[in-house]
Amino acid sequence: MLTPIAYGLAIVLNLFIVLIGARFLLAPRAAAAGYGVPAAEGAGDPAFLTVKGLRDLTFGLVGLALIAFTSADAVAWFMLVVALAPLGDTVIVLRHGGSRATAFGIHFATAVVVLVSAALLFVL
């Protein structure tokens with residue numbers, strides 16, 4: 001019973017981060033506003049938006065590959081480590097004038113769900 005829930009949550013989280021990464025690559029300004037720190041208006045897109053998109057896309061694809069080709073322990077360790085990204089995002093939003101609601105309601109909540117996913121995978 002726990003196995004489908006643990007893997008299902010991990011798959012959903014990794015697909016979600018792939019979509020977020022793609023959004024940062026395809027619609028960077030809209031994605032930045034959703035992140036909680038809008039990009040400054042000006043010529044071109046700031047490089048950090050592309051970096052964020054590539055980072056998220058890569059994390060999601062690595063997570064999906066681990067789910068497909070490795071053990072629950074490997075996926076659990078990945079999820080545990082990758083939870084640092086949304087925790088860092090929480091701090092970034094708070095330090096750069098974003099709302100507390102976005103910082104905690106999106107980024108910190110994501111970190112908690114990723115940690116729950118890791119815990120579920122560790123008990124398999």
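- Interatomic distance, Phe59 CZ to Asn14 CG, rounded to the nearest 0.5 Å: 10.5 Å.
- Taken together through direct or relayed side-chain contacts under 4.5 Å among Ile, Leu, Val, Met, Phe, Trp and Tyr, Val62 and Val51 form parts of separate hydrophobic clusters.
- Taking each heavy atom of Leu124 and Ala6 in turn, the nearest pair found is CD1-CB, 3.8 Å.
- With hydrophobic clusters built from ILVMFWY side chains whose heavy atoms lie under 4.5 angstrom apart, Ile106 does not share a cluster with Val113.
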Item to check | side-chain contact (heavy atoms from CB on, under 4.5 Å) between Tyr7 and Leu121, worked out | outcome: CA-CA 7 Å; Tyr7 275 106; Leu121 290 160; 4.3 Å; yes
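- When all heavy atoms are compared, the tightest approach of Gly36 to Val93 is O-CG1, 4.2 Å.
- Between Tyr35 and Thr102, the shortest heavy-atom distance links the atoms O-CG2, 3.4 Å.
- In the hydrophobic cluster analysis, where Ile, Leu, Val, Met, Phe, Trp and Tyr join through side-chain heavy atoms closer than 4.5 angstrom, Ile17 is grouped apart from Met79.
- Expressed to the nearest 0.5 Å, how far CH2 of Trp77 lies from OG1 of Thr70 amounts to 14.0 Å.
- Here the shortest heavy-atom pairing between Ala39 and Arg29 reads CB-NH1, 3.2 Å.
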Item to check | Trace of the side-chain contact (heavy atoms from CB on, under 4.5 Å) decision for Leu120 with Val116 | outcome: CA-CA 6 Å; Leu120 290 171; Val116 167; 4.2 Å; yes
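- Expressed to the nearest 0.5 Å, how far CD1 of Ile11 lies from CD1 of Ile67 amounts to 5.0 Å.
- When hydrophobic clusters are built by joining Ile, Leu, Val, Met, Phe, Trp and Tyr residues whose side-chain heavy atoms come closer than 4.5 Å, directly or via intermediates, Val37 is grouped together with Phe24.
- A distance-only check finds a donor-acceptor pair linking the side chain of Thr90 to the backbone of Pro86 [under 3.5 Å].
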Checklist entry - Please walk me through it: do Met1 and Ile5 pass side-chain contact (heavy atoms from CB on, under 4.5 Å)? => result CA-CA 7 Å; Met1 172 67 177; Ile5 294 169; 4.0 Å; yes
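- Across all non-hydrogen atoms, the minimal contact from Ser117 to Leu13 is CB-CD1, 3.7 Å.
- Leu64 and Phe78 fall within the same hydrophobic cluster, defined by Ile, Leu, Val, Met, Phe, Trp and Tyr side-chain heavy atoms under 4.5 Å apart, directly or through other members.
- Rounded to the nearest 0.5 angstrom, Leu87 CG and His107 NE2 are separated by 11.0 Å.
- Of the inter-residue distances, the one linking Thr110 atom OG1 with Phe104 atom CZ reads 13.0 Å to the nearest 0.5 angstrom.
- Here the closest non-hydrogen pair linking Thr50 and Leu25 is O-CD2, 3.8 Å.
- Asp56 places none of its side-chain heavy atoms less than 4.5 Å from the side chain of Val18.
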Item to check | Test side-chain contact (heavy atoms from CB on, under 4.5 Å) applied to Phe122 and Leu80, step by step | outcome: CA-CA 10 Å; Phe122 273 124; Leu80 182 66; 4.3 Å; yes
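- The distance from the CG atom of Leu49 to the CZ atom of Arg23 is 11.5 Å, given to the nearest 0.5 Å.
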